[in-house]
Amino acid sequence: AYRLRGQKEGPIVRGFAVNLSQETSDLARLPAARLDELLGKGRYQLARNKDEIDRAVGNDRVGSEFYPLLLTLVALVLGLEHVLGNRFYKKDD
């Protein structure tokens, strides 16, 4: 259920409700053929128990860290800016 409020020559309050079809909230398992159709063949992994879920999530989270590379890049950019800034903006003696 939704309620809308607004102003147009005084307060306006309207409401409406949405009833979804039963298929929208159906939690029954889909066959592999239907999953292939919806997601694409080979683009998903089925887990049959809790151990497989934990292992799949853990494998996806393991990877290379981006932060050290980013920090090094920022330090190099700042160092280069400092060198170039001192080179082109020298004081005249």
Side-chain angles (χ1 to χ4, degrees):
Y2 296 92
R3 185 174 136 185
L4 305 170
R5 295 185 309 179
Q7 293 285 337
K8 183 177 181 181
E9 301 173 4
I12 298 175
V13 178
R14 299 284 189 264
F16 64 95
V18 177
N19 295 321
L20 298 174
S21 64
Q22 187 175 5
E23 294 83 26
T24 305
S25 61
D26 185 13
L27 299 178
R29 292 183 180 172
L30 293 176
R34 180 72 174 137
L35 287 174
D36 288 342
E37 179 185 326
L38 292 172
L39 302 174
K41 187 172 179 125
R43 297 189 66 194
Y44 62 91
Q45 181 180 2
L46 292 176
R48 299 206 183 343
N49 58 34
K50 184 180 176 188
D51 295 332
E52 290 179 3
I53 293 173
D54 291 339
R55 186 176 52 232
V57 171
N59 288 338
D60 289 341
R61 290 186 181 173
V62 173
S64 61
E65 292 291 330
F66 182 68
Y67 183 72
L69 179 63
L70 180 65
L71 196 58
T72 304
L73 182 64
V74 168
L76 287 173
V77 168
L78 288 175
L80 183 63
E81 187 272 334
H82 179 71
V83 169
L84 290 176
N86 286 334
R87 179 179 176 157
F88 293 113
Y89 296 108
K90 289 184 179 178
K91 290 185 179 181
D92 292 331
D93 290 335

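Numbers here are sequence positions counted from 1.
Clustering ILVMFWY residues whenever any of their side-chain heavy atoms sit less than 4.5 angstrom apart, transitively, puts L27 in a cluster other than the one holding L35.
To the nearest 0.5 Å, atoms CG (D36) and CG (L30) are separated by 11.0 Å. If you take CZ on R14 and CG on L4, they are separated by 9.5 Å, rounding to the nearest 0.5 Å.
Between R5 and V13 the shortest heavy-atom distance is CG-CG2, 4.3 Å.
Listed by chain and residue number, E37 satisfy the side-chain hydrogen bond (donor to acceptor under 3.5 Å, both in side chains) test with R34 (two or more places apart in sequence, or in another chain).
When each of L76, V77, L78 is tested with V74 by the rule side-chain contact (heavy atoms from CB on, under 4.5 Å), just one qualifies, namely L78.
When the shell of 6.0 Å around OH of Y2 is examined, it contains 12 or fewer heavy atoms from other residues, nucleotides or ligands.
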